[in-house]
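Take a look at the structure set out below.
Values in this document were obtained by computation on a predicted structure and should not be read as measured data. No hydrogens, no waters, no symmetry mates; every other heavy atom, side chains included, goes into these values. A, B, ... follow the sequence lines: proteins, then strands. Residue 1 opens every chain.
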2 protein chains.
Amino acid sequence: MTEKNIKELVDKYIQLSFSVTKKAESLIKEQIGSDLTSDQHYTLRYIYQAESCNSSELAEVFDVKKSAITAIINRMWEKGLIQRTRDEDDRRIVYLTLTDKGNELYLKAEQRIHKLVESLISQFDQSEISQFIETYEKLNDILIHSKDKQMEE
Amino acid sequence: MTEKNIKELVDKYIQLSFSVTKKAESLIKEQIGSDLTSDQHYTLRYIYQAESCNSSELAEVFDVKKSAITAIINRMWEKGLIQRTRDEDDRRIVYLTLTDKGNELYLKAEQRIHKLVESLISQFDQSEISQFIETYEKLNDILIHSKDKQMEE
DNA sequence: ACTTAACTGTTCAACTGTTTAATCATTAAC
DNA sequence: GTTAATGATTAAACAGTTGAACAGTTAAGT
């Protein structure tokens, strides 16, 4: 592969990455509706899948400071979507769990997102989309590894 | 493809999309440094590539209201990165162009991002990455089409 | 046991980015 | 020549973020 080809490939990837991310985010926002912001939905999803978690964990996953998590959790707590429970053994830790309302709101939005993504995916061959996701997964691993390597420095 | 397989594929894509986007954004932020935010860098890039553009165009590309663009341009104008020039024929239109400082700052960050992406891409077979980008491009087209279809409704 | 250090989470001030609605200046349409 | 429409801005309000300071709790060292 020539230098020029590599540069073009990289340019194209940077361009596509920006464009796809923007448009996907925009479509997802429409599925979520006005009850939740994107970040709030992502937060609901993480807590839903983890069943229970704490601020530090969320801060690491979302790659923001803990104070940012406190702020977002506060807003969702005020809306009655999230509960806080202190650990009895280590009273520093605050467990975050979804309320019934939070659960319901998450599932409603997630179903719509699921339908959206399914309709997008259905426009590809099965082999093409499988190959794509496989590479995407590999990229994800490489990105995780890149972050870890930076931590060591 | 069974129902179950589709659901798993969709779940995986949603999961990966979130994870990859977060991590890539985080790595890119590190390349940009503290002189610029991500959005400011994206703005510089768009104006750099377009050579000249106006607020409405940016608002459409970034999928935000024009007032949001005004705000971001104001901050970058205060930093001396962007110039505003009124069109002589239609004095409503304000052309946005990069100052030398803006140009320089953009290129410095973009070079680092380029190196980052190149080092990521180099960890794949050429055929794999070509196939990936091809599918990514197709996905981008589909997303653009999805937006257009919504506009018609 | 007491002191110190480390950890979990919060508060506060300052900032970026966003939307909504109102406004200004300019151009287009009739 | 008055009325639309257009391009851009302003102001208020809010979500999200950081950085620094802090409170409460637990762990470690001695």
Side-chain angles (χ1 to χ4, degrees), chain A residues 18 21-22 25-26 28-30 32-44 46-47 50 52-79 81-97 105, chain B residues 18 21-22 25-26 28-30 32-44 46-47 50 52-79 81-97 105:
Chain A
F18 170 78
T21 302
K22 275 280 174 201
E25 188 72 18
S26 163
I28 284 175
K29 259 186 205 156
E30 286 162 15
I32 293 174
S34 55
D35 291 331
L36 292 172
T37 64
S38 302
D39 287 314
Q40 288 172 1
H41 177 74
Y42 292 141
T43 306
L44 285 186
Y46 188 85
I47 300 178
S52 168
C53 71
N54 57 12
S55 289
S56 306
E57 194 180 339
L58 276 175
E60 202 183 328
V61 172
F62 285 76
D63 197 40
V64 294
K65 297 285 174 284
K66 277 184 291 190
S67 53
I69 299 296
T70 298
I72 201 170
I73 295 296
N74 274 341
R75 283 186 287 269
M76 297 172 80
W77 180 81
E78 279 162 18
K79 290 194 211 171
L81 305 175
I82 288 181
Q83 285 172 331
R84 289 194 234 236
T85 327
R86 285 213 114 86
D87 185 319
E88 283 302 320
D89 293 336
D90 185 343
R91 295 190 49 74
R92 286 172 300 186
I93 302 173
V94 174
Y95 290 122
L96 303 170
T97 50
L105 204 54
Chain B
F18 170 78
T21 303
K22 275 280 173 200
E25 187 72 19
S26 163
I28 285 176
K29 260 188 204 157
E30 286 162 16
I32 293 173
S34 54
D35 290 332
L36 291 172
T37 65
S38 302
D39 286 315
Q40 287 173 1
H41 177 73
Y42 292 142
T43 306
L44 285 186
Y46 189 85
I47 300 178
S52 167
C53 69
N54 56 14
S55 291
S56 306
E57 193 180 340
L58 276 175
E60 201 183 328
V61 173
F62 285 75
D63 197 39
V64 295
K65 297 282 173 288
K66 274 184 290 194
S67 52
I69 299 297
T70 299
I72 203 171
I73 295 296
N74 274 341
R75 284 186 287 268
M76 297 172 79
W77 178 81
E78 281 162 17
K79 290 194 212 171
L81 305 175
I82 289 181
Q83 285 172 332
R84 289 194 233 235
T85 329
R86 286 212 114 86
D87 186 318
E88 284 302 321
D89 293 336
D90 184 345
R91 295 190 49 73
R92 289 170 300 183
I93 301 174
V94 175
Y95 291 121
L96 304 170
T97 50
L105 203 53

**Request:** Classify the nucleic acid contact of A/R86 as base, sugar-phosphate or nothing, counting any heavy atom under 4.0 Å across all strands shown.
**Result:**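 Here A/R86 touches no strand at all.
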**Prompt:** For A/S56, which contact category applies under a 4.0 Å heavy-atom criterion: base, sugar-phosphate, or nothing?
**Reply:**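 Touches sugar-phosphate only.
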**Prompt:** Excluding sequence neighbours, so at least two apart, what forms side-chain contact (heavy atoms from CB on, under 4.5 Å) with A/R84?
**Reply:**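 A/I73, A/N74, A/W77, A/V94, A/L96.
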**Request:** Could you list the residues that satisfy side-chain contact (heavy atoms from CB on, under 4.5 Å) with B/K65, not counting sequence neighbours?
**Result:**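 Residues passing side-chain contact (heavy atoms from CB on, under 4.5 Å) with B/K65: B/S67.
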**Asked** Considering every strand shown, what is the Watson-Crick or G-U wobble mate of D/dT25 when both distances are under 3.5 Å?
**Response**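 Across any shown strand, D/dT25 pairs with C/dA6.
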**Message:** Which nucleotide, if any, forms a Watson-Crick or G-U wobble pair with C/dT27, using both distances under 3.5 Å?
**Reply:**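 Because no pair has both required distances under 3.5 Å, C/dT27 counts as unpaired.
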Residue list, side chain to side chain donor-acceptor pair (under 3.5 Å) with [X], at least two apart or on another chain:
{"X": "A/K22", "answer": "none"}
{"X": "B/K79", "answer": "B/Q40"}
{"X": "B/S38", "answer": "B/E25"}
{"X": "B/R92", "answer": "B/D90"}

**Complete:** Sorted by chain and residue number, the ring-ring contact (aromatic ring centres under 6.0 Å, His included) partners of A/Y42 (sequence neighbours excluded) come out as B/F18
**Prompt:** For C/dA14, does the O4'-C1'-N9-C4 (purine) or O4'-C1'-N1-C2 (pyrimidine) torsion place it in syn, i.e. within 90° of 0, or in anti?
**Reply:** anti
**Asked** Which letters describe nucleotides 15-24 of chain C, given B = protein heavy atom under 4.0 Å from base, S = only from sugar-phosphate, - = neither?
**Response** -SBBBB----
**Request:** Apply the test side-chain contact (heavy atoms from CB on, under 4.5 Å) to residues A/L81 and A/L36: give CA-CA distance (whole Å), side-chain angles for both, the deciding distance (0.1 Å), then the verdict.
**Result:** CA-CA 10 Å; A/L81 305 175; A/L36 292 172; 3.7 Å; yes
**Nucleic acid contacts - residues 87-95 of chain A versus DNA chain D, non-hydrogen atoms under 4.0 Å** =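 Heavy-atom cutoff 4.0 Å gives A/D89, A/D90, A/R91, A/R92.
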